[in-house]
Amino acid sequence: MPEQGNKDLGPGPLETAGQNVFAAGRFGAIWIAWVPEGVVMVELSGEPPPEEVRRRWLPELDAIPERALPRVIYEGLARYFEGAPVDPASLPVRLGGTKFQRRAWRALREVPRGSVRTYAGLAADAGSPRSMRAIGMAMGANPIPLIVPCHRCVAAGYALGGFSGGLDKKRFLLELEGVRVENDHVHPGQLELL
């Protein structure tokens, strides 16, 4: 699948379903699938997911057509990776998953760029203060990393915790957003710790 360049962009709004790859510079390629409501899946490896994963999140489509990235997705991500104060969590999404997962992912989309939230804090935000383990499972099941910014969820003591794209990519995204990371811990004091 070719990487999307800045020419031949699709329409501004998300008018139809599609998939393509966004070239994010040093971060690497990002595979994205969307429907008219918003982004449905993101693969930080740059490769489409296995068919059974695609069917889970896009059961209504037999195949996802390859299309130019809609302007709203391309421009939002391009500005974000250039370091502009743009939050990818502001891009439109269609959330699937269980009721709890959707609550957790909605709460996560409220964590602003440059901030982090612990699993315990996010559990409280999702209305289930004792569900830290379930929050971790929801982060691991997140089909839209970056746009549902699970890289902003950290472990107790502000340790980085896990990330589907790997800790190097989590560190990259946090530092791009202005979060200082030292020895796999978020450095407190220079950012808002929620």
Side-chain angles (χ1 to χ4, degrees), residues 13-14 22 24 27 30 32-44 57 70 72-167 169-181 185-194:
L14 303 169
F22 176 81
F27 185 80
I30 301 170
I32 303 168
W34 65 91
V35 294
E37 298 88 355
V39 177
V40 179
M41 297 175 65
V42 169
E43 286 290 331
L44 300 178
W57 300 108
V72 66
I73 295 172
Y74 179 84
E75 289 178 353
L77 291 178
R79 294 189 65 228
Y80 173 75
F81 281 105
E82 289 167 356
V86 172
D87 192 343
S90 66
L91 291 172
V93 296
R94 183 183 81 182
L95 296 175
T98 66
K99 283 185 181 182
F100 178 79
Q101 287 172 331
R102 288 191 305 272
R103 282 196 335 256
W105 295 334
R106 283 186 193 109
L108 183 58
R109 284 175 53 92
E110 297 298 318
V111 176
R113 177 190 166 116
S115 300
V116 296
R117 193 77 167 131
T118 63
Y119 293 102
L122 198 55
D125 295 345
S128 300
R130 296 180 190 221
S131 60
M132 287 83 72
R133 191 165 287 170
I135 288 292
M137 292 173 66
M139 296 304 103
N142 177 9
I144 318 172
L146 180 62
I147 297 170
V148 175
C150 52
H151 62 279
R152 296 179 189 159
C153 191
V154 296
Y158 299 103
L160 284 182
F163 186 58
S164 62
L167 288 185
K169 287 191 175 191
K170 183 172 188 170
R171 191 178 301 104
F172 179 95
L173 294 171
L174 288 172
E175 289 175 348
L176 177 68
E177 295 179 0
V179 177
R180 195 162 129 210
V181 180
H185 282 76
V186 171
H187 189 279
Q190 47 89 64
L191 75 152
E192 180 184 351
L193 296 174
L194 298 175

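Computed from a prediction, not measured in an experiment: that's the story for all the values here.
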Q.
Under the rule for salt bridge (Lys or Arg N to Asp or Glu O under 4.0 Å), what residues qualify as partners of R94, not counting sequence neighbours?
A. E60
**Q.** Nearest-0.5 Å distance, CE of residue M139 to OG of residue S164
**A.** 10.5 Å
Q) For R171, what residues pass the salt bridge (Lys or Arg N to Asp or Glu O under 4.0 Å) criterion, not counting sequence neighbours? A) D168, D184
Q: Name all residues meeting the side-chain hydrogen bond (donor to acceptor under 3.5 Å, both in side chains) criterion together with S90; count only those two or more places apart in sequence or in a different chain, and write none if there are none.
A: none
**Q.** L173 side chain reached by V179 side chain, heavy atoms, under 4.5 Å
**A.** no
Q. Nearest 0.5 Å, what's the OG1-CG distance between T118 and D125?
A. 8.5 Å
Q: List for me each residue that meets ring-ring contact (aromatic ring centres under 6.0 Å, His included) alongside F172, sequence neighbours excluded, and say none if there are none.
A: F27
Q | Separation of R130 CZ from M132 CE (nearest 0.5 Å) | A | 9.0 Å
Q: Give the minimum heavy-atom separation between A141 and W57, together with the two atoms involved.
A: O-CZ2, 3.8 Å
**Q.** Backbone N/O of A84 and side chain of R79: donor-acceptor pair under 3.5 Å
**A.** no
Q) Between L91 and Y80, is a side chain to side chain contact (heavy atoms under 4.5 Å, CB included) present by the stated rule, with each step listed? A) CA-CA 11 Å; L91 291 172; Y80 173 75; over 6 Å; no
Q) Out of curiosity, I135 CD1 to Y119 OH, how far, rounded to the nearest 0.5 Å? A) 10.0 Å
Q | Set of residues satisfying side-chain contact (heavy atoms from CB on, under 4.5 Å) with respect to T98, sequence neighbours excluded | A | F100, Q101
Q: Spell out, as yes or no, whether a donor-acceptor pair under 3.5 Å connects the side chain of R180 to the backbone of V186.
A: no
Q | Smallest separation among heavy atoms of G83 and L176, with atom names | A | CA-CD1, 4.1 Å
Using atom types as modelled, flag every donor-acceptor pair under 3.5 Å from a side chain in residues 143-156 to any protein atom, sequence neighbours excluded.
residue : atom : partner : partner atom : Å
H151    : NE2  : E177    : OE2          : 2.8
R152    : NE   : E177    : OE1          : 2.9
R152    : NH1  : D87     : OD1          : 3.3
R152    : NH1  : D87     : OD2          : 3.3
R152    : NH1  : V111    : O            : 2.8
R152    : NH2  : D87     : OD1          : 2.8
R152    : NH2  : E177    : OE2          : 3.0

Q) So how far is it from L174 CG to F163 CZ, rounded to the nearest 0.5 Å? A) 8.5 Å
Q.
In the structure I gave you, are the side-chain heavy atoms of V181 and E175 within less than 4.5 Å of one another anywhere?
A. yes
Q. Counting N and O atoms only, with roles assigned by atom type, does the side chain of K170 sit under 3.5 Å from a partner on the main chain of L160, one being a donor and the other an acceptor?
A. yes
Q) According to the side-chain hydrogen bond (donor to acceptor under 3.5 Å, both in side chains) rule, which pairs have a member within residues 133-148, sequence neighbours left out? A) none
Q: Considering non-hydrogen atoms only, spot the tightest contact between G161 and L167 and give its length.
A: O-CD2, 2.9 Å
Q: Give a yes or no answer on whether the side chain of W34 reaches the backbone of P92 with a donor-acceptor pair at less than 3.5 Å.
A: no
Q. Is any side-chain heavy atom of R106 closer than 4.5 Å to a side-chain heavy atom of R102?
A. yes
